[in-house]
There are 2 protein chains.
Amino acid sequence: MSTEPTRRGRKAAKTSPAASAAPAPAAAPVAPSRPPAAIADRAGMRQVADRAGVAMSSVSRVLSGHPDVSAAMRSRVMAAVEELGYEPNMLAQMLRKGATQTIGFVVGDISNPLLAQIALGAEVALRAAGYAMLLTNSVNQPNLDATHIRLLQQRRVDGLLLSLSDETNDQTIEALSATPTPSVLIDRDLRTRTEESAVLSDHAAGITQAVEHLVGLGHRRIALIAGSPHVRPTRERINALEEAVEAHPEVHAQVRPGAFTEVHGGAATRELLDGRRPPTAIIAGGNQILVGVLGELAARQVRIPDDISLVTCDDVPLAKFFTPTLATIGRDPYEMGAEAAALLLARFGGAEPGVITLPTSFTGGRSCAAPPRTAPPAQGERP
Amino acid sequence: MSTEPTRRGRKAAKTSPAASAAPAPAAAPVAPSRPPAAIADRAGMRQVADRAGVAMSSVSRVLSGHPDVSAAMRSRVMAAVEELGYEPNMLAQMLRKGATQTIGFVVGDISNPLLAQIALGAEVALRAAGYAMLLTNSVNQPNLDATHIRLLQQRRVDGLLLSLSDETNDQTIEALSATPTPSVLIDRDLRTRTEESAVLSDHAAGITQAVEHLVGLGHRRIALIAGSPHVRPTRERINALEEAVEAHPEVHAQVRPGAFTEVHGGAATRELLDGRRPPTAIIAGGNQILVGVLGELAARQVRIPDDISLVTCDDVPLAKFFTPTLATIGRDPYEMGAEAAALLLARFGGAEPGVITLPTSFTGGRSCAAPPRTAPPAQGERP
DNA sequence: CACTGTACTGGAACGGATTCCAGTACGAGA
DNA sequence: TCTCGTACTGGAATCCGTTCCAGTACAGTG
């Protein structure tokens with residue numbers, strides 16, 4: 001807190017208060033905001049038509065590239081358009097055409113770098129196709145998902161990109177059922193529905209590779225601290241871990257789903273280390289969770305990888321300079337966004353809902369090593 | 001690349017192909033999409049009026065809470081609304097009222113965590129006030145700023161939040177001048193204009209504190225690797241550094257503006273370390289730059305803080321577990337977003353453009369220590 | 001009882017474009 | 001020369017609410 005927030009008004013732009021004769025055409029006497037529309041009296045298609053001495057329908061045809069237009073007509077209209085600096089009112093077009101060229105993105109929290117990159121990939125691809133993106137953050141409150149779906153629906157978006165906070169929420173399912181627009185799920189799976197397209201990550205592959213790596217190093221007790229059990233990535237990771245250890249009967253797996261938060265990461269770590277069979281390797285299921293895990297490990301002075309090995313999910317840029325370098329199960333979120341956009345655009349083009357699965361891959365790092373000879377000291381027991 | 005991307009269609013939802021008698025009311029013979037509008041023939045206000053046996057204007061009054069409505073009228077209308085599941089078409093409302101309840105956010109790159117948090121803060125505040133947020137990424141191409149301002153203008157947004165890629169771009173200034181809607185600059189300063197509100201960070205305070213700290217530790221050669229010279233944060237930081245060292249004639253400051261990229265961070269570090277008077281402390285002006293700096297330092301096996309001290313700007317969550325802990329000039333991006341939203345809402349309420357400055361603060365860390373007795377070896381000279 | 005005011009309601013214009021339909025004009029073929 | 005087709009154009013309906021204006025009915029007052 002170095003500096004107090006400062007509020008100060010700027011001097012108004014106008015220099016002369018109110019005296020100078022306004023060149024505005026016949027301003028209404030005192031009416032403050034009588035005609036609510038026509039903010040800056042921009043020219044409409046009507047004015048263009050009058051100016052060119054043609055019908056509005058002809059102006060519309062010229063502007064929309066209709067074939068039945070003579071060269072003479074085209075040039076007259078274009079001249080009038082130039083002179084008046086006419087720009088069509090998209091609102092009117094939307095109303096008439098019933099399409100807004102807008103899609104809604106429902107996301108838990110855009111400040112999550114993973115989701116931000118997905119949003120970027122999607123926005124760039126959609127904009128290239130002439131669509132704009134409306135963003136809503138559910139701040140990980142499941143009922144807000146439904147609220148936002150309805151809200152975007154009222155705004156008549158043409159499609160929806162959904163990174164839901166909770167796949168099992170009834171309100172969400174209901175809101176989705178009531179939605180006539182095509183939607184794409186982003187790493188989510190609504191088992192009860194098939195109307196939605198989806199972009200998925202192959203979490204199983206990454207987890208399997210990580211487990212094999214850890215087992216190869218000699219680990220026999222592996223824990224996964226996962227996020228919310230109500231979303232696909234968590235389920236997939238848990239399933240994958242359990243399947244992977246089935247192939248190694250000597251390996252014991254523990255799973256701690258909860259939430260994608262630092263708090264859960266810390267709490268689960270504490271629980272695991274204080275437990276009867278503390279793991280020799282932890283897989284952290286997300287950025288925030290990782291922060292919590294690291295915090296708890298640091299507090300206990302548990303060394304990585306000497307005392308415990310660590311793998312994390314979903315890369316963050318700084319991770320590569322972390323000491324020791326973090327073994328990571330990564331994926332390409334930008335591409336996920338781009339693919340989600342492509343899937344949506346395909347639906348606009350008449351395609352059926354589709355599902356696409358993108359790879360994940362495990363990258364080793366110094367944070368993984370052979371487990372210590374003796375289990376790490378289960379210090380920090382409650383008194 | 002563990003897994004190939006997989007594309008597979010889902011089975012269509014409908015089980016019976018086309019035989020079953022559609023319960024749809026009097027479907028047009030074969031017409032694929034004749035009436036473009038009325039996607040799902042939802043009831044309009046007209047239908048509600050007919051059903052209730054009243055005029056549309058009365059329905060409108062009831063729904064908009066107009067005072068001149070009898071209780072009888074209200075209940076009749078509400079009943080009809082319920083029965084038909086009527087929802088007003090926001091598009092028509094927007095067109096008529098000339099307000100879209102939508103604001104546009106022009107941002108360089110939403111995947112930058114700083115900007116993502118700003119976006120989150122802004123979106124939450126705006127949504128609470130009934131506004132939706134349209135997001136565009138300029139991917140740090142200055143001309144796209146202008147393009148997007150115009151694009152959002154065409155969509156008739158009520159206001160603009162601007163994190164411009166380049167304050168000096170003529171097209172951007174021009175686009176802004178042609179814009180009738182209120183705008184808020186986010187840590188940007190358009191010296192030629194006073195029409196915009198702005199949320200600023202007090203970068204000077206943070207830099208000054210950092211410099212004092214470094215000088216106190218004994219540093220005499222301090223470098224700032226900054227981002228694009230065309231945005232306010234860079235200018236402010238450079239100015240602050242130069243002013244801060246003026247108070248200490250024995251201190252030599254070097255400045256390397258460039259871009260907010262990892263590449264620039266690395267290149268500038270190389271340049272500085274290979275220079276005649278390599279710095280004993282570096283201030284990295286942003287996340288990406290930091291990554292480049294760290295990369296170069298690691299490549300040269302320059303130790304932090306033994307060989308060189310390091311300060312970074314703009315916190316990232318993982319930074320606190322970085323070894324050594326990073327000294328940071330931080331600020332609260334979420335609040336910046338929230339304040340930007342507040343400033344915009346204030347303008348909608350009739351207020352004049354305003355400027356608010358939020359604090360930054362320096363937090364020390366293990367990455368800063370006394371400079372080495374001898375200047376760090378200027379190894380790595382080009383052959 | 002007549003008059004004025006109040007409380008409410010209906011009708012219609014409006015916002016700004018799209019698109020169907022009907023028409024005009026002109027060239028070509030019979 | 002008449003007819004038909006083609007190429008183009010204008011008019012009007014439409015999308016769906018909002019809001020101004022005029023009007024009705026009834027209560028209150030002189």
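Because only heavy atoms are used, hydrogens play no part in the values below, and waters and symmetry mates are left out as well, while side chains stay in. Letters A, B, ... are given to chains in the order of the sequence lines, protein chains preceding strands, and every chain is numbered from 1.
- The minimum heavy-atom distance linking B:P142 with B:N169 is given by the pair CB-ND2, 3.5 Å.
- The side chain of B:S70 lies closest to C:dT9 when the candidates are C:dT9, D:dT19, D:dG10.
- The CZ atom of A:R156 sits 11 Å away from the C1' atom of D:dG17 (whole-angstrom rounding).
- The side chain of B:A92 has D:dC16 as its nearest neighbour among D:dC16, D:dT18, C:dT18.
- If you measure from atom CD of A:Q93 to atom P of D:dC15, you get 18 Å, rounded to the nearest angstrom.
- Note on A:Q47: nothing from the nucleic acid sits closer than 4.0 angstrom, heavy atoms only.
- Considering CD1 of B:I103 and CZ of B:R127, their distance stands at 12.5 Å, rounded to 0.5 Å.
- Contacts of B:S57 with the nucleic acid, taken as non-hydrogen atoms under 4.0 Å apart, include base atoms.
- Contact of A:R61 with D:dG10 (side chain to base): a donor-acceptor pair of N or O atoms is detected under 3.5 Å.
- If you take CE of B:M56 and P of C:dT9, they are 16 Å apart, rounded to a whole angstrom.
- At whole-Å resolution of the value, CZ in B:R46 and C1' in D:dG17 are 12 Å apart.
- Rounded to whole Å, atom C1' of C:dC21 lies 13 Å from atom CG of A:D68.
- No side-chain donor-acceptor contact under 3.5 Å links B:R188 to the backbone of B:D166.
- At the phosphate of C:dG10, OP1 or OP2 sits under 4.0 Å from a side-chain N or O atom of B:S58.
- If you measure from atom CG of A:N89 to atom C1' of C:dG15, you get 8 Å, rounded to the nearest angstrom.
- For A:R96 and D:dC15, the CZ to C1' distance is 6 Å, given to the nearest whole Å.
- Rounded to a whole Å, the CG atom of B:L95 is 9 Å from the C1' atom of D:dC15.
- Counting heavy-atom neighbours within 6.0 Å of B:E83 CD, excluding the residue itself, gives a total above 12.
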